[in-house]
Amino acid sequence: MQRIFHNILFLTVLTAFLGCERDLEYDLTGATPRLVVNSLFSQDSLMRIEVSVSASPGNGASIRSLRDARIFLFEDQILVKDFSLDSLIAIPLDFQGNPIVSVSPTKLFFHHTLTTKARDGVKYLLEVRYPELATISASAILPRPMSIRTIDQPLNESILVNGQALDRLVFEIDDNGGTNNYYGLEILAFKPGSNEKPHRIVFFSGEKSFAENIVLSDGQHSQGVYYLPANGVYFSNGKFKGRRKQFEAYVDPNYMTPQYQLRVRVLTLSKPCFDFVTSYQKQKLNANNPFAEPTQVYSNIDGGLGIFAGYSVTEADF
């Protein structure tokens with residue numbers, strides 16, 4: 001899921017702030033360039049912050065990544081000093097993940113810490129300054145990870161969906177209750193003993209918590225919904241606050257052979273992180289609908305645009 005967030009991060013930079021290819025009425029008084037921050041981080045990961053200038057009709061909807069923005073990050077009111085500048089070449093993608101041939105690849109500069117890693121439960125304050133643009137700020141608290149466990153199931157525990165047999169997986173989340181919690185979910189497969197990285201796989205589920213929060217439908221059936229890895233699965237604890245909740249998911253039987261090992265990965269998202277990814281999904285859903293109301297991607301940057309938020313990761317193998 002961390003990879004999903006990185007994909008969303010740069011998709012958002014190169015699409016949400018580039019603008020859509022359709023005629024819209026712009027509020028020219030609100031087209032003043034503003035600083036844009038993109039930073040999503042998980043526990044025990046290096047902090048990574050990309051700063052750019054927002055696109056507007058006046059500059060041809062092009063973005064400009066800033067290498068010399070001044071970044072001030074505080075961890076529990078202590079200034080983080082081990083930032084280093086790096087860059088990458090990002091290929092603009094459309095909302096289906098295909099390269100936009102009419103837009104040239106963009107060089108993105110980003111600042112990252114060398115040794116400081118994000119910690120859950122810690123308050124982070126961010127301030128970014130750049131000449132002639134308004135100073136922006138944001139705050140974030142990385143949520144603590146939830147406990148999860150997998151449950152052994154009898155072999156051949158399967159269902160039929162449109163004539164296709166799918167095998168059952170069961171896992172549990174211990175929700176700590178007392179607050180609204182937000183989650184992300186993915187199921188991965190990998191070959192034991194191989195150097196190949198685990199890859200996300202399609203799964204099917206009739207879980208109401210997933211369906212209640214779904215934005216992008218990946219194929220709805222009477223028994224449930226197919227969930228594709230590229231879109232992500234995000235849900236809240238509204239139906240199981242403060243309880244241990246059991247979940248069922250069904251996968252291709254080929255992944256239940258000795259050739260593969262399966263893993264469930266659960267993210268605990270901060271509220272800003274949840275609002276960001278779900279609003280991005282809505283924008284993605286409406287991108288090709290000329291009659292849909294344009295959706296603004298959620299931002300928690302005071303005085304600017306973008307996202308500065310955290311999430312925690314917990315994994316368990318079946």
### Query
Mind checking whether Glu186 and Val264 have side chains closer than 4.5 Å, heavy atoms only?
no
### Message
Has Ser52 got a side-chain atom pairing as donor or acceptor with Ser65's backbone, closer than 3.5 angstrom?
### Response
no
### Salt bridge flag under 4.0 Å for residues Asp174 and Arg149
yes
### Query
Does any donor atom in the side chain of Asp167 or Tyr255 lie under 3.5 Å from an acceptor atom in the other side chain?
no
### Query
For Thr115, does its backbone N or O pair with a side-chain atom of Thr113 as donor and acceptor, under 3.5 Å?
no
### Query
What are the two closest non-hydrogen atoms of Ala309 and Pro272, and how far apart are they?
CB-CB, 4.2 Å
### Query
For Phe318, does its backbone N or O pair with a side-chain atom of Gln261 as donor and acceptor, under 3.5 Å?
yes
### Query
So, is the end of the Arg129 side chain (NZ or CZ) under 6.0 Å from the ring centre of Phe72 and within 45° of the ring's axis?
yes
### Task
Could you check if a side-chain atom of Ile136 sits within less than 4.5 angstrom of a side-chain atom of Glu127, using non-hydrogen atoms only?
no
### Task
Flag yes if more than 12 heavy atoms outside Arg67 fall under 6.0 Å of its CZ atom; otherwise flag no.
no
### Task
May I ask you to check whether Phe247 and Phe210 place their ring centres under 6.0 Å from each other?
yes
#### Entry: Donor-acceptor pair, side chain of Ser158 and main chain of Ala165, under 3.5 angstrom
no
### Query
Is any side-chain heavy atom of Leu262 closer than 4.5 Å to a side-chain heavy atom of Leu188?
no
#### Entry: Test item: Asp175 side-chain N/O and Gly242 main-chain N/O as donor-acceptor pair under 3.5 Å
yes
### Task
Measure from the side-chain N and O atoms of Ser54 to the backbone N and O of Arg34, and report whether any donor-acceptor pair falls under 3.5 Å.
yes
### Message
Is any side-chain heavy atom of Ile71 closer than 4.5 Å to one of Val51?
### Response
yes
### Query
Would you say the side-chain atoms of Glu50 and Ser39 include a donor-acceptor pair closer than 3.5 Å?
no
#### Entry: Polar side chain donor-acceptor pair, Glu207 to Ser205, under 3.5 angstrom
no
### Ser279 side-chain N/O to Asp275 backbone N/O, donor-acceptor pair under 3.5 Å
yes
#### Entry: Cationic N near anionic O, under 4.0 Å, Lys245 to Glu172
no
### Query
Is there a donor-acceptor pair closer than 3.5 Å between any side-chain N or O of His112 and the backbone N or O of Asp86?
no
### Query
Can you tell me if Lys241 and Asn180 form a side-chain donor-acceptor pair at under 3.5 Å?
yes
### Message
Test your reading of the model: is there a side-chain donor-acceptor pair from Arg244 to the backbone of Phe240, 3.5 Å cut-off?
### Response
no
#### Entry: Between Phe276 and Tyr298, ring centroids under 6.0 Å
no
### Message
For Arg119, is there any backbone N or O sitting under 3.5 Å from a side-chain donor or acceptor partner on Tyr124?
### Response
yes
### Query
With the 4.5 Å side-chain cut-off for hydrophobic clustering, are Val80 and Val122 part of the same group?
yes
### Query
With a 4.5 Å heavy-atom cut-off, do Phe308 and Ile301 have their side chains touching?
yes
### Query
Going by an N to O cut-off under 4.0 Å, is there a salt bridge joining Lys117 and Asp44?
no
